[in-house]
Amino acid sequence: MYDMESIIFTNISKYKKLYEKKLCNTYEKYDLRKIDMEIIIYLANCGNEDTARDIANTNMFTKGHISQSVKRLSDMGYVSIVHDEKDMRVQHLKLTDKVRPMIDEMVQQKSEMEKCVFAGVTEEESETMKRVFEKMCANILKEMEKID
């Protein structure tokens with residue numbers, strides 16, 4: 001029998017593989033790397049937390065990889081870099097209109113994937129799972145603060 005940690009890691013790994021396979025055609029179509037796509041997805045959903053430092057704080061990628069990807073995305077015309085009005089050292093990353101078709105495709109693919117993954121899961125189960133994951137994330141962040 002699996003312990004909770006094994007269940008979580010196994011299922012997250014499977015979900016991530018499915019996610020990458022679903023979006024693979026979009027990566028290739030737009031000549032992007034995985035990190036490029038993840039940064040685009042992040043920027044599409046981040047609100048005002050739109051700097052490279054904000055992306056680095058997610059602990060998904062190293063600062064160097066983020067910097068390389070932002071440069072590539074900027075060169076391709078998908079991201080513009082806007083200096084903060086109050087602090088010129090701060091650079092906000094903004095998606096350009098050129099990226100809209102790509103985001104629409106990704107939203108469609110993610111929606112199809114979620115329908116598949118959550119087939120048979122009730123609304124109540126989904127809400128319970130969301131609350132449990134939010135609690136787990138809060139606990140993880142709290143523990144990370146102790147370690148740092």
Side-chain angles (χ1 to χ4, degrees), residues 2 4-121 126 129-148:
Y2 292 104
M4 186 59 75
E5 183 179 339
S6 295
I7 291 169
I8 291 169
F9 282 127
T10 299
N11 285 305
I12 287 174
S13 176
K14 288 177 185 175
Y15 185 87
K16 193 171 181 179
K17 283 181 184 176
L18 176 62
Y19 175 80
E20 289 172 4
K21 285 184 179 186
K22 286 280 190 184
L23 293 178
C24 183
N25 291 336
T26 306
Y27 294 162
E28 293 170 1
K29 180 178 178 180
Y30 293 97
D31 193 30
L32 296 173
R33 297 178 183 159
K34 180 183 166 205
I35 185 173
D36 301 335
M37 204 63 126
E38 292 295 330
I39 288 175
I40 289 170
I41 292 168
Y42 175 87
L43 292 173
N45 296 296
C46 69
N48 293 328
E49 296 178 356
D50 60 359
T51 67
R53 174 172 285 175
D54 294 322
I55 297 169
N57 288 340
T58 66
N59 293 318
M60 294 190 320
F61 308 107
T62 66
K63 289 178 184 177
H65 286 127
I66 293 166
S67 178
Q68 290 172 359
S69 178
V70 167
K71 169 127 177 50
R72 193 170 37 256
L73 291 170
S74 177
D75 290 347
M76 296 173 89
Y78 294 133
V79 171
S80 63
I81 300 169
V82 179
H83 289 278
D84 190 281
E85 293 175 6
K86 296 176 184 171
D87 185 348
M88 292 300 286
R89 296 172 297 175
V90 176
Q91 297 179 335
H92 296 280
L93 307 174
K94 303 294 183 189
L95 295 176
T96 66
D97 291 338
K98 185 177 179 181
V99 82
R100 177 56 37 203
M102 184 189 318
I103 291 173
D104 292 342
E105 280 183 45
M106 291 186 311
V107 166
Q108 178 66 32
Q109 290 167 339
K110 287 175 73 172
S111 176
E112 290 171 10
M113 186 181 88
E114 285 178 13
K115 283 180 189 174
C116 170
V117 170
F118 290 99
V121 176
S126 181
M129 185 170 57
K130 182 179 175 184
R131 285 192 308 274
V132 168
F133 275 116
E134 286 171 349
K135 287 179 182 179
M136 290 170 59
C137 285
N139 292 339
I140 290 168
L141 290 173
K142 193 183 310 180
E143 192 62 27
M144 292 289 288
E145 287 175 4
K146 289 180 189 175
I147 296 171
D148 290 338

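On a predicted model such as this, the values are computed, not experimentally measured, just so you know.
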Determine whether Lys115 and Glu112 satisfy the following criterion, salt bridge (charged side-chain N to carboxylate O under 4.0 Å, His left out), listing intermediate values before the conclusion.
CA-CA 5 Å; Lys115 283 180 189 174; Glu112 290 171 10; over 6 Å; no
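Interatomic distance, Lys142 NZ to Cys137 SG, rounded to the nearest 0.5 Å: 13.0 Å. Going from atom CE of Met4 over to atom CZ of Phe9 covers 12.5 Å, rounded to the nearest 0.5 Å. Annotation: the span from Ile7 atom CD1 to Ile12 atom CD1 amounts to 12.0 Å, rounded to 0.5 Å. Here Tyr30 contributes atom OH and Met106 contributes atom CE; the two are 9.0 Å apart, rounded to the nearest 0.5 Å. Ile41 contributes atom CD1, which lies 5.0 Å from atom NZ of Lys110 (distance to the nearest 0.5 angstrom). In this structure, CZ in Phe133 is found 6.0 Å from CD1 in Ile8, a value given to the nearest 0.5 Å.
Contact record, Gln91 with Thr51: O-CG2, 3.5 Å, taken as the closest heavy-atom pair. Residues Asp50 and Gly47 approach most closely at CB-O, 4.1 Å, considering heavy atoms. Residues Glu49 and Asp54 approach most closely at C-OD2, 2.9 Å, considering heavy atoms. Taking both residues in full, the closest heavy atoms of Met76 and Lys98 are given as O-NZ, 2.7 Å, listed atom of the first, atom of the second, then distance. The two residues Thr26 and Met102 have their closest heavy-atom pair at CG2-CG, 4.0 Å. Considering every non-hydrogen atom in both Ser69 and Ile39, the closest pair reads OG-CD1, 3.5 Å.
Annotation for Asn139: atom CG counts as buried by contact number, over 12 foreign heavy atoms lying within 6.0 Å. In this structure, Asn57 places its CG atom where more than 12 heavy-atom neighbours from other residues, nucleotides or ligands lie under 6.0 Å away.
You'll find the side chain of Val99 stays beyond 4.5 Å of the side chain of Leu73, heavy atoms only.
Partner of Glu105 under the salt bridge (Lys or Arg N to Asp or Glu O under 4.0 Å) criterion, out of Lys22, Lys29, Arg100: Lys29 alone.
In terms of the salt bridge (Lys or Arg N to Asp or Glu O under 4.0 Å) criterion, residue partners of Glu20 (sequence neighbours excluded) are, by chain and number, Lys34.
A salt bridge is defined here as a Lys NZ or Arg NE, NH1 or NH2 lying under 4.0 Å from an Asp or Glu carboxylate O, and Arg131 with Glu134 fails to meet this definition.
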Could you give the side-chain donor-acceptor pairs of residues 77-84 under 3.5 Å, partners two or more places apart or in another chain?
unit_1: Ser80; atom_1: OG; unit_2: Lys94; atom_2: O; d: 3.4
unit_1: His83; atom_1: ND1; unit_2: Met88; atom_2: O; d: 2.9
unit_1: Asp84; atom_1: OD1; unit_2: Lys86; atom_2: N; d: 2.7
unit_1: Asp84; atom_1: OD1; unit_2: Asp87; atom_2: N; d: 3.1
unit_1: Asp84; atom_1: OD2; unit_2: His92; atom_2: NE2; d: 2.7

